[in-house]
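Notes follow once the structure below has been shown.
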Amino acid sequence: MKVTIKNLTKRFSDMTAVNDFSAVIESGELIALLGPSGCGKSTMLNMISGILAPTEGKIFFDDEDVTDLSPEKRGVGLVFQNYALYPHMTVLENICFPLEIKKVPKEERIARAKEMAKLVHVDTMLDRKPGQMSGGQQQRVAIARALVKQPRILLLDEPLSNLDARLRIEMREEIRRIQQETGVTTIFVTHDQEEAMSISDHIVLMKDGFLQQYAKPQELYDEPANCFVADFLGNPPINKANGVIKNGKIVLEGDCEVELEAAKNIAEGREVTLSMRAEAIIVGEAEKACVGTVEEVYVMGKEVLAYVSLGTTKVRAYIDAEKTFDKGQTVNIGLKKRGVFVFDKETGERLA
Amino acid sequence: MKKLFKNLSFGRVLIYLFLTVGAITMVFPFYWMITGAFKSGTEIISFPPVWFPTSFALTNFVEAFERAPFLSYFINSVVAMVGSVSICSFTTIVGAFAFSKLDFPFKNVLLALLLGLMMVPFEMIVITNFRTIIDLGLYDNILALIVPFTSSIFYMYILKGFFDSIPNSLYQAARVDGCSNWKYLWKVMVPIAKPSLVTIILLNAIASWNSFLWPSLAILNKVNKTLPFGLYSFVNEGGSRTELMMAASTIVVLPMIILFLFARKQIVNGVARGGLKG
Ligand SMILES: Nc1ncnc2c1ncn2[C@@H]1O[C@H](COP(=O)(O)OP(=O)(O)O)[C@@H](O)[C@H]1O
Ligand SMILES: [Mg+2]
C-alpha cells in the first residue's frame, strides 16, 4: 500500500513536533524514519497509526484519506520499543489478541497465530509468558502480533533500541527478511544511522520536525542535501572546517588554502563549511588540494587513521597502511570528488 | 571474619527471639478465644488457668446460637460484605481506569477534590450518611450497610497508581488493534492488576466484616444486625458467661481467618510485587 503524507503538522501546546511534512512512501518498501532523539519521529508514526490527530495536513493510504479515521480502521500494525506485550498472556494469546478483538473464529485465529509465530521463529515457545523470554524473542512476538491481522502497513518505533549490539544486528536482518517475505509496506523508526542504512529501501531524515532529505541510503551518504545530513551520517563523523571563498579557493581558518574544483562557482567572500569524509581525504598525494601537518597516527586493526591539521582545524583521514608519516611532517592533501561537500556556514545549505 | 560471623548469628538469634515473642503476642488472644469457646463455665474462670480445654464439644456454640440469632447475623454480614465489596470493587476499577488512562475535562481538579475528601474522617460523614439513609427510607434496612460503601476514593487512588505503572504503549497497541476502552480494561488492565486488586478486595472485605460503628447506628432490629453488632448486643445482654462470649467471638472472626488462609499468597504477592516489571 502506498502512503502519501501531505503537509503534515503537529503542534503541541508549546512546540511544533512535526512541521509541514510531505512524503510519498511506495508500496512494499521499507522506509527508515531517521533522526536524533526528539525530532518528531514517534509523533510522525503516531499520526500515521492514528493514535495522534495531526494539527494540519493529510494522510492517504493509497487513494483513501485516512486523516480522520480512528486507529483500528486504518489497518496498521504497531511495534513498540518496549515490545508492549501483554504480560499476563502467553505468546500464543498475545499473537491471537488482535484477531480475538476482530472476532475471528477461535480455530482460525490459532492457526493464523501459529503461522505468524513460525514466520518470526517463536513457534517453539507458544506457551511462555513474555517475562520468560529474552528481549529479542519478545520483539519477535511483538512483530508477529502486529502482522497477524495482515495490516496494510507495519510501523515500528525504535524496535531494536532495547537490545544489545549483537542481537540488534541479528534482529534488523530478521525484520528485513520478514518484511521481504510478507511484502508489507513498513516504516521503521530509528535514531541509529547504521541501522537505517543497512536495511531500508529509502531513508527519511528528520530534524526538529522538519524533513531534511528523503532518498536512498547511498544517495543520502553521497549527496547530502545539507550540512545536517552530512553530519548525521557516516562513521567516523564527517570532518568539518570553516572557511571563506577567496579567488575561487576556500581559505580555511589558519590560512590554509584549499583548491577545489567545485568551489569555483561560489560567490567571492561567502562563508562556507567544508565537509570531508575521512575516506575522501588522501594524505601524501602528489595532486594536492592543500597542505597539512600530520599530528597523530593511529593503527586500528586493518585501518590506519591519521589526524591532520588543515590550518587550525584537525581532520581525520584514512591512510594507506604501507605509507608511513612522522609526527609534525608537512604533507600534501588531496581531496576526492566523492565525499567532499561545501555548505553555507550559516544556513547549512549545500553549495557544492 | 570469624568474629563477624559469630556476631551475625547472635544477631540472628536475637531477631528470631524478637519475632517469636511478637508472634506469640499476636496469636495468643486468638488462641485464648478459640480454646475458651470449648471450655466449660468452671474451666474458664478457674485459677491457675486451664490451658487446654478438656473436651471439644460444641455445646457453647450451640448455646450461643440458641441465645441469639447468630445465623441471621452471619447471613446479614455476608450480604453486606458481598454487596458492598463487589459494587465497590467495580466502581474502584472503573474510576481508577478513568483517572489513569482517559482524558476528560477537569480531571486533575476532580482528582484533587476527591483526595481532599479523603481527609475527612469517617466519623464526620456518619451524620450526613445517616440523614441520607433516612431520607432514602433505608433506616434499619440491610441496604443501609451497602449503599454508603459502594465506592472508595482510597482504593481507587491505590489502583490508579498501579494502572499508571502499566506502560501506555500497551494501551496504544490495543487501540490500534481495535480494542475498546471497556475491553482493554477487563482483558488487559484488570488481569495485570490482579494482585493489587485481590489485596484491595480483601482489605475491603475485612473492613466491611469488622465494621461496627455504622451498623450500630443504621440498624435497629435484631434481624438486621451484623455479626460484630450482634456480638456486642449479645455481650451486653448475655451477662457474664465468658465461654459463650468466646464461642460467639470465634464465630465472628473465623470466616476472616479462613479467608486469610486461603488468600495469604495473594495478599503477600500484592504487597510485595506492587509494580509491573517492564
Ligand atoms: N504529548 C506531547 N505533549 C507535548 N510535547 C510532546 C508530546 N509528545 C511529544 N512531544 C514533544 O515533541 C517532540 C518530538 O517528540 P517525539 O516524536 O517523541 O520524538 P522522537 O520520537 O523523534 O524522539 C519532543 O520534543 C517531545 O518533547
Ligand atoms: Mg520516539
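In the text below, chain A, chain B and the rest are named by the order of the sequence lines, each starting its count at 1. Predicted model only: the values in this text are computed from it and were never measured.
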>> Is it the case that atom CZ in A:Phe60 sees more than 12 heavy atoms from other parts of the structure closer than 6.0 Å?
In response: yes
>> Test your reading of the model: is there a side-chain donor-acceptor pair from A:His88 to the backbone of B:Lys187, 3.5 Å cut-off?
In response: yes
> Checking A:Arg145 against chain B: side chain, backbone, both or neither under 4.5 Å from a heavy atom?
Replying inline: side chain
> Tell me, side chain or backbone of B:Lys194 under 4.5 Å from chain A's heavy atoms, or both, or neither?
Replying inline: neither
> Measuring from A:Asn82:CG to B:Asn168:CG, what's the distance to the nearest 0.5 Å?
Replying inline: 10.0 Å
>> Set out, in order, the CA-CA distance, both residues' side-chain angles and the distance that settles side chain to side chain contact (heavy atoms under 4.5 Å, CB included) for A:Lys149 and B:Asp177, then state yes or no.
In response: CA-CA 8 Å; A:Lys149 54 180 181 176; B:Asp177 289 340; 2.6 Å; yes
> Atom CZ in B:Arg175, atom OG in A:Ser70: separation rounded to 0.5 Å?
Replying inline: 7.0 Å
> ring-ring contact (aromatic ring centres under 6.0 Å, His included) with B:Tyr73: which residues, sequence neighbours excluded?
Replying inline: B:Phe70
> For atom NZ of A:Lys6, is the number of surrounding heavy atoms from other residues, nucleotides or ligands below 6.0 Å larger than 12?
Replying inline: no
> Do you know which two heavy atoms are closest between A:Leu78 and B:Val176, and how far apart they sit?
Replying inline: CD1-CG2, 3.4 Å
> Rounded to the nearest 0.5 Å, what separation is found between the OH atom of A:Tyr86 and the CD1 atom of B:Ile192?
Replying inline: 9.0 Å
> Does atom CD of A:Glu107 have more than 12 heavy-atom neighbours, drawn from other residues, nucleotides or ligands, at distances under 6.0 Å?
Replying inline: no
> Which residues from residues 91-105 of chain A are near chain B, with near meaning under 4.5 Å between non-hydrogen atoms?
Replying inline: A:Phe97, A:Pro98, A:Glu100, A:Ile101, A:Lys103
> Is the number of heavy atoms from other residues, nucleotides or ligands under 6.0 Å of B:Tyr31 OH greater than 12?
Replying inline: yes
> Is the number of heavy atoms from other residues, nucleotides or ligands under 6.0 Å of B:Lys183 NZ greater than 12?
Replying inline: yes
> Any side-chain heavy atom of B:Ser169 within less than 4.5 Å of one from A:Asp157?
Replying inline: no
> For B:Phe104, does the CZ atom have more than 12 heavy-atom neighbours from other residues, nucleotides or ligands under 6.0 Å away?
Replying inline: yes
> Is the number of heavy atoms from other residues, nucleotides or ligands under 6.0 Å of B:Phe30 CZ greater than 12?
Replying inline: no
